[in-house]
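Not measured: the values here are computed from a predicted model. When reading the values below, keep in mind they use all heavy atoms of this one structure, side chains included, and skip hydrogens, waters and symmetry mates.
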Amino acid sequence: MRKKLWTWTLAGALPVLAAGALWAAGAPSSSSVTAQDPQAAARESYDRGLKYRDKAWELEEALAAGEGDAEKLEKKIEKEYRKAIRAYEAAVQNDPAFYQAHASLGYALRKVGEFEESLEAYDRALEIEPRYGRAIEYRAEAYLGLGRIEEAKEAYMTLFRGDRELASQLLTAMRKWIETRREDPHGIDAESLEAFAGWVEERAELAEQASLTPADAGAAWTSTR
């Protein structure tokens, strides 16, 4: 009787032991599942990039408030954006159609002064999703970084027709850029800069009028001139 009981017990244990061996040898862990799912891996990398970006934003706020050593803060800010760039690059490698990751990559590249590479990332995002307003707005800021005023103006017109909140944000960025270039022209001649400044103020005034009487003011937005 004991012998039979031992035989039954051992036989019953074998499946459990076999299952344990299989799990130890090759059961999928959460990381391997992610590795086998490119979109999940892309999302994980993208979220990591957002954390680095948010940290950079916190440091930028500290810099603007005059907290700590400015030079050290600037280095830390760039370091966080560089980490964000690597994370976003991993995201788009895993999921080339992830247009938000392309746009975020463009943003981080622009923040470290790599404007040409930034434009490439924005262009890719807008190839995938042409109506992605955030990429249009940020790409316009990259255009400004390169002194490509006419393209920035065209982007503003596109935003005004589709997303006036983003259009307003771009106007604010344009005004900041103008003030910076007045102090340091960076290759922009004074006449072109002041002409652009006049255009920006004109558009700001028209935008205010359009918000009050959109039907009457709409015709004023047919040209960037």
Taking all non-hydrogen atoms of both residues into account, name the closest pair between Ala108 and Ile85 and its distance. CB-CG1, 3.5 Å
Rounded at 0.5 Å granularity, tell me how far CG in Leu109 sits from CG in Leu119. 10.0 Å
Just jot down the side chain to side chain contact (heavy atoms under 4.5 Å, CB included) partners of Leu73, sequence neighbours excluded, or say none. Leu59, Ala62, Leu63
Determine yes or no for a side-chain-to-main-chain donor-acceptor pair under 3.5 angstrom, with Ser168 supplying the side chain and Arg164 the backbone. no
By side chain to side chain donor-acceptor pair (under 3.5 Å), Ser192 pairs with (sequence neighbours left out) Asp189
About how many Å separate CG of Leu193 and CZ of Arg181, when rounded to the nearest 0.5 Å? 9.0 Å
Would you say Asp163's side chain and Leu159's backbone share a donor-acceptor pair under 3.5 angstrom? no
Parallel, tilted or perpendicular, as decided by the 30° and 60° cut-offs, for the rings of Tyr107 and Trp57: perpendicular
To check you understand the geometry: which heavy-atom pair defines the closest contact between Tyr122 and Arg139, and what is its length? CD1-CA, 3.5 Å
Minimum heavy-atom distance between Asp95 and Ala42, given as atom pair plus value: CB-CB, 3.5 Å
Check whether any side-chain heavy atom of Glu58 lies under 4.5 Å from a side-chain heavy atom of Glu80, and answer yes or no. no
Rounding to 0.5 Å, atoms NZ (Lys176) and CE (Met174) come to a distance of 14.0 Å
Is there side-chain contact between Glu201 and Arg175, with at least one heavy-atom pair below 4.5 Å? yes
With sequence neighbours excluded, what pairs up with Glu127 under the side chain to side chain contact (heavy atoms under 4.5 Å, CB included) test? Arg124
Working to the nearest 0.5 angstrom, can you tell me the gap between Lys79 NZ and Lys75 NZ? 11.5 Å
How long is the straight-line distance from CD of Glu137 back to OH of Tyr132, given to the nearest 0.5 Å? 11.0 Å
Taking it one step at a time, do Glu89 and Arg86 satisfy salt bridge (Lys or Arg N to Asp or Glu O under 4.0 Å)? CA-CA 5 Å; Glu89 286 176 338; Arg86 291 193 291 272; over 6 Å; no
Less than 4.5 Å apart, any side-chain heavy atom of Lys153 and any of Tyr156? no
Return the orientation label for the Trp199 and Phe196 ring planes: parallel under 30°, perpendicular over 60°, tilted otherwise. parallel
I'd like to check Glu74 versus Glu78 (side-chain heavy atoms, cut-off strictly below 4.5 Å). Are they in contact? no
Sequence neighbours excluded, which residues qualify as side chain to side chain donor-acceptor pair (under 3.5 Å) partners of Gln169? Arg134
Start with the C-alpha distance between Arg82 and Glu114, add both sets of side-chain angles, then the distance that settles salt bridge (Lys or Arg N to Asp or Glu O under 4.0 Å), and finish with yes or no. CA-CA 11 Å; Arg82 293 287 179 188; Glu114 297 182 12; 2.5 Å; yes
Kindly work out whether a path of hydrophobic side-chain contacts (I/L/V/M/F/W/Y, heavy atoms less than 4.5 Å apart) joins Leu126 to Leu166. yes
Lys111 NZ: over 12 foreign heavy atoms closer than 6.0 Å: yes
Residues passing the side chain to side chain donor-acceptor pair (under 3.5 Å) test with Glu129, sequence neighbours excluded, are Arg131
Same apolar cluster (I L V M F W Y, side chains within < 4.5 Å links), Val92/Tyr138: no
Gap separating the CD1 atom of Ile128 from the CD atom of Gln100, nearest 0.5 angstrom: 9.0 Å
In short, Gly106 meets Ser118 closest at the heavy-atom pair O-OG, 2.7 Å
Is it possible for you to say whether Leu144 and Phe160 belong to one hydrophobic cluster, with membership spreading through side-chain heavy-atom contacts below 4.5 Å? yes
Shared hydrophobic cluster for Phe98 and Leu50 (ILVMFWY, side-chain gaps under 4.5 Å): yes
Glu165 atom CD, over 12 foreign heavy atoms within 6.0 Å: no
Hey, quick one: are Met157 and Ile149 part of the same hydrophobic cluster, counting side-chain heavy atoms closer than 4.5 Å, chains of contacts allowed? yes
Go through the steps to decide whether Glu194 and Arg182 satisfy the test side-chain contact (heavy atoms from CB on, under 4.5 Å), and finish with yes or no. CA-CA 9 Å; Glu194 293 310 315; Arg182 281 173 173 159; 2.8 Å; yes
Under the ring pair (Phe, Tyr, Trp, His ring centres under 6.0 Å) definition, can you give me all pairs with a residue in residues 62-85, not counting sequence neighbours? none
Hey, does the side chain of Tyr88 reach the backbone of Ser104 with a donor-acceptor pair shorter than 3.5 angstrom? no
For a side-chain contact (heavy atoms from CB on, under 4.5 Å) check, start with the C-alpha distance between Trp177 and Ile188, then their side-chain angles and the critical distance, and finish with the verdict. CA-CA 11 Å; Trp177 180 83; Ile188 304 296; 4.1 Å; yes
Is there a donor-acceptor pair under 3.5 Å between the side chain of His102 and the backbone N or O of Pro96? yes
What are the two closest heavy atoms between Ala84 and Gly49, and how far apart are they? CB-O, 3.7 Å
If you draw a 6.0 Å radius around CD in Gln39, do more than 12 non-hydrogen atoms from other residues or ligands fall strictly inside? no
Using a strict threshold of under 4.0 Å (side-chain N to carboxylate O), is an ion pair present between Asp47 and Lys51? no
